[in-house]
Number of protein chains: 2
Amino acid sequence: MAAFDSEDLLYDLADLFKMFADSTRVRILYALLDGEKNVGELADSLSMNQSAISHQLSVLKASKLVKARRDKKSMYYCLADDHVESIIKTGVEHVLEP
Amino acid sequence: MAAFDSEDLLYDLADLFKMFADSTRVRILYALLDGEKNVGELADSLSMNQSAISHQLSVLKASKLVKARRDKKSMYYCLADDHVESIIKTGVEHVLEP
DNA sequence: TGAACATATGAACAGTTGAACATATGATGA
DNA sequence: TCATCATATGTTCAACTGTTCATATGTTCA
């Protein structure tokens, strides 16, 4: 087994995967692979209302998976770091295989 | 964006991550990184009752993340393939970083 | 075969979660 | 400043999820 206390780690790990375990959040993160987008653009491209997207963005931000910046009236969100991309890609690999 | 219809993929992806989004299931999968274990051993090492473990194992098996074989009275479970390990490790990397 | 062991299954319950709606906050520019 | 646009937040509710308890199924070996 691992050298550190793995129990805490595994609870954190489950919490991390929870962020990817909802289709709305995954679709948001996937859309952001292209680059930053504002709330309205995300709502349009996912065909969901603004409130639902905003709620999920706040959850993702609290988990530090996305970052936000303001430009004029709009809030632009982007992926917080490269890990997000690699987690998605590792998952995609699994889903796409026989 | 991707060349295939990414919508179905992303729902499958969320379903995949759901399996890792519960601490009991993550702990089971993590324990199985060591090699196969039977239901009683898993229940002992996670300090949970047999029924809870069995329920989660059936979920994991339905998602093809674990495989089972019988030996005498016991059912031994192991990880279904290497992807499971790489998904966990990619997640661990993220959790362990500043 | 039948007792004992190991695991699976079913039902019920509490806790959690995501979406919708309504409304509030905040920024912009006339 | 005020109307408007863009986003955030609070609340409610239905749906989902994981655990527990009770019981069933299935296997082994005397």
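Remember, predicted model here, so these are calculated numbers, not experimental data. Residue numbers start from 1 in every chain, and the chains themselves are labelled A, B, ... in the order their sequence lines are given, proteins ahead of strands.
Nearer to the 5' terminus of DNA chain D, by closest-nucleotide assignment, is the contact made by R25(B) (compared with the other of K73(B) and R25(B)). Between D71(A) and S23(A), the residue anchored closer to the 5' end of DNA chain C is S23(A), taking for each the nucleotide with the nearest heavy atom. For the pair E41(B) and Q50(A), nearest-nucleotide mapping onto DNA chain C gives the more 5' position to E41(B).
Atom-to-atom, CD1 of I53(B) to P of dA8(C) comes out at 11 Å; the value is rounded to the nearest Å. Protein atom CG of N49(B) is 12 Å distant from nucleotide atom C1' of dT7(C), rounded to whole Å. Whole-Å rounding puts the Q56(B) CD to dA8(C) C1' distance at 14 Å. Rounded to an integer number of Å, the gap from CE of M48(B) to P of dA8(C) is 15 Å. At whole-Å resolution of the value, CG in D15(A) and P in dT17(C) are 9 Å apart. As a whole-Å value, the separation of R69(A) CZ from dG26(C) C1' is 17 Å. Nucleotide dC13(C) holds its P atom 16 Å from the NE2 atom of H55(B), rounded to whole Å. Distance CG (D22(B)) to P (dT16(C)): 13 Å, rounded to an integer number of Å.
Counting heavy-atom neighbours within 6.0 Å of K18(B) NZ, excluding the residue itself, gives a total above 12. More than 12 heavy atoms of other residues, nucleotides or ligands shown are found within 6.0 angstrom of CG on D71(B).
Tracing side-chain contacts under 4.5 Å through hydrophobic residues (I, L, V, M, F, W, Y), one reaches L96(A) starting from L10(B); they form part of the same cluster.
How far CG of D15(A) is from OG of S63(A): 8.0 Å, rounded to the nearest 0.5 Å. Expressed to the nearest 0.5 Å, how far CZ of F20(A) lies from CG of L60(A) amounts to 8.5 Å. A distance of 4.5 Å separates CG of L46(B) from CD1 of I53(B), quoted to the nearest 0.5 Å. Note that OG of S74(A) and NZ of K37(A) are 14.0 Å apart. Values are rounded to the nearest 0.5 Å.
Checking the phosphate oxygens (OP1, OP2) of dT7(C), a side-chain nitrogen or oxygen of S74(B) falls inside 4.0 Å.
Across all strands, Y76(A) comes closer than 4.0 Å to no nucleic acid atom at all (heavy-atom distances).
Between E93(B) and K89(B) there is no salt bridge, since no side-chain nitrogen of the basic residue lies less than 4.0 Å from a carboxylate oxygen of the acidic one.
Among dT7(C), dA19(C), dT9(C), the nucleotide with an atom closest to any side-chain atom of N38(B) is dT7(C). Here dA22(C) is the nucleotide among dA27(C), dA22(C), dA19(C) with the atom lying nearest to any side-chain atom of S51(A).
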Pairs counted as Watson-Crick or G-U wobble with both distances under 3.5 Å: what dot-bracket string results for DNA chain D, using | for bases tied to another strand? ||||||||||||||||||||||||||||||
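Along DNA chain D, the stretch of nucleotides lying under 4.0 Å from any heavy atom of chain B spans, 5' to 3', dG18(D) to dC29(D).
Looking at R69(A), its side chain never comes within 3.5 Å of a backbone N or O of Y76(A) through a donor-acceptor pair. Using modelled atom types, no side-chain atom of S54(A) and backbone atom of Q50(A) make a donor-acceptor pair closer than 3.5 Å.
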